[in-house]
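Here the structure comes first, spelled out in structure tokens, and everything after it is commentary.
Proteins come first, then strands; the chains are lettered A, B, ... in the order of their sequence lines, and each starts at number 1.
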Amino acid sequence: MRWGMLINLVKCVGCYSCVVKCEQEHFLPPGVLWGRVLISETGTYPVATKHVYPVLCNHCKEAKCVDACPTRATQKRDDGIVWVDADKCVGCRYCLMACPYQVRTYYSEEKEYYPGQGSTEFEKLGKQLYPHELGTVSKCNFCMERVDEGMKRGLKPGVDREATPACVITCPAKARYFGDLDDPNSEVSLLIRRWRPTSLRPEFGTDPSVYYVIG
Amino acid sequence: MIQAKPYEFMVTYTPQREWIEKGGIKLWLAFFFIELGAGMFFIASLFDNLTAMSVGWFLCAVLGGGLHLLYLGKPLRFWRMMISSGWKTSWISRGLFFVVFFLVLGLVHLVLLGQGIRSIGLIAAANAFAFLTVIYGGFAMNYVNGIPLWNTALLPILCVVSGLWGGAEVTMGIVAGSGAASTVGPAIEEWIRILLVGFILLIPVYLLSVRYTSSAGQVSVRSIVSSKWAFLFWVVVVVAGMILPIAAVIGTLAAGPTGLSLTFLYAAILAGLVGDLAMRYLVLKCGVYSPLIPSGT
């Protein structure tokens, strides 16, 4: 089993809802981003093209960050999910350097979403439910809590909402697909065969689990 | 990650910042002192100079090791790097092992040498770990394939040459200051000449080789030699870090190791160290990641 994601850039409208939902789902503190939307332009008027790429951890099969981590805080599970055990992280940021996609964030200082006004009730709740440790590195974990909990309940990630990553179910354009890359009959595998997507910077040899359909 | 323009992150060439800005300055200095100290111990041990070996050990342990620990987000957890299996793949974990083994063996050797006992096996082992301590930073950076300026096999060689050269220079300064220049001075001077020539040859080869690897490599090299960092490179690295030490080498060739004024010798040593430090700063500061998506840059 290897969880993976397919993002259809033809459908993506660049609304940032995946980024916002990720922040909400994991109670991410200000300055910590697990997902981003990269926007660029090529060409010049009147032949200019706008590129919108939502990016997240690629959960690479040959993850550079896993090998770089001196404490094994960054680990790869059997299902391909790469995650960080914050209790083991020493904050050396070597993983952050090693990741050619720069999708990791170092939590360097505590800030408030509303400076000078203290934490909101939601933030207070988040500190209890999903604490983030200062001085450690964090990243997208493919919502592994949702995936694991859903599977325990007999649900199928990528099919059932409760077992699917938050960014996938929140995407208003339905541009994201999640599923088992090793299962030839999963929706994500079928779409990869049909659409022949690409991954980001394949020359790095990391074999990412996130694919992009470029229009 | 901090950035000047958040919307340009990984859309244009994005400089690494965690290992050079804000707290990252500590890491820059830590690598310098670790390599300088270990290099100094290595060179001084060849001449049984207890003072220079002790200074090298101190620089490596207190300044290098201390700054490394201070850089960590969770310094009290550093021991985890030694008990995990991280050493199998991680150069940071391996580096910690090298530094710890070097410091322990080096300390035992210093204590024994202070009592007049000289163990060849011990000094060989300490020097082997000192050498590994000098080189591991280069391998740690070389592993980062997202930054072409670092992802070159020449970087570990550059670390070895600059670490040993700096070590030889400071050892020479200590030897000259203690009035022993006439005995071991010429031999240390030989090391300095070879390493200085190596450093001077390596810098252009390194920059040229990176320049032709990729567009990100080209951007990095251009920012070192011809953009806002050009002053630091040409004045501090080239003039102070290379030309002044060359002048000192020519001076000792002409006047002998004791013929050069101590003031000029110390100025040349200091200039060489500052040049080395500046070069390390530029390598860290000008390392850029390639854009992830198509962009007009």
Exercise. Does a side-chain heavy-atom distance below 4.5 Å link A:D67 with B:S90?
Worked result: no

Exercise. Relative to the ring of B:Y143, is the ring of A:Y94 parallel (under 30°), tilted (30 to 60°) or perpendicular (over 60°)?
Worked result: tilted

For this session: Tell me, out of B:G23, B:A140, B:P75, B:G95, who's got the most heavy-atom pairs with chain A below 4.5 Å.
Result: B:A140

For this session: Give me the contact list for residues 81-89 of chain B versus chain A, heavy atoms only, anything under 4.5 Å, ordered by residue number.
Result: B:M81, B:S84, B:S85, B:G86, B:K88, B:T89

Problem set entry | Check: A:Q102 and B:T14 side chains under 4.5 Å, non-hydrogen atoms | no

Exercise. What's the shortest heavy-atom distance between A:P100 and B:Y289, and which atoms?
Worked result: O-CD2, 4.2 Å

Exercise. What part of A:L200 lies closer than 4.5 angstrom to a heavy atom of chain B: side chain, backbone, both or neither?
Worked result: side chain

For this session: Verify, without hydrogens or angle tests, whether B:R77 (side chain) and A:D87 (backbone) share a donor-acceptor contact under 3.5 angstrom.
Result: yes

Exercise. Hey, which residues of residues 116-135 of chain A are touching chain B, say heavy atoms under 4.5 Å apart?
Worked result: A:E133, A:L134, A:G135

Seminar exercise, completed: So, the part of B:W79 with a heavy atom under 4.5 Å from chain A: the answer is neither

For this session: Cation-pi check, A:R93 to B:Y71: give yes when NZ or CZ is under 6.0 Å from the six-membered ring centre and within 45° of the ring axis, no otherwise.
Result: yes

Exercise. Should we say atom CZ of A:R193 is surrounded by more than 12 heavy atoms from elsewhere, each under 6.0 Å from it?
Worked result: yes

Exercise. For the atom pair OG (A:S40) and CD (B:E8), what is the distance rounded to the nearest 0.5 Å?
Worked result: 11.5 Å

Seminar exercise, completed: Ranked by heavy-atom pairs below 4.5 Å to chain B, first place among A:T206, A:V90, A:T71 goes to A:V90

Exercise. Going from CE on A:M97 to CD on B:Q16, what distance comes out if it is rounded to the nearest 0.5 angstrom?
Worked result: 4.5 Å

Exercise. More than 12 heavy atoms of other residues, nucleotides or ligands under 6.0 Å from NZ of B:K26: is that the case?
Worked result: yes

For this session: Count the heavy-atom pairs under 4.5 Å between each of A:T136, A:V66, A:T49, A:I39 and chain B, then report the option with the highest count.
Result: A:I39

Exercise. Any side-chain heavy atom of A:C92 within less than 4.5 Å of one from B:F78?
Worked result: no

Exercise. Just wondering, are more than 12 heavy atoms of other shown residues or ligands nearer than 6.0 Å to CZ in A:F27?
Worked result: yes

Problem set entry | Leading residue by heavy atom contact count with chain A [cutoff under 4.5 Å; candidates B:L72, B:I92, B:I293] | B:I293

Exercise. Rounded to the nearest 0.5 Å, how far apart are CE of B:M10 and CZ of A:R36?
Worked result: 9.5 Å

Exercise. Can any side-chain N or O of A:R201 pair as donor or acceptor with the backbone N or O of B:L292 at less than 3.5 Å?
Worked result: no

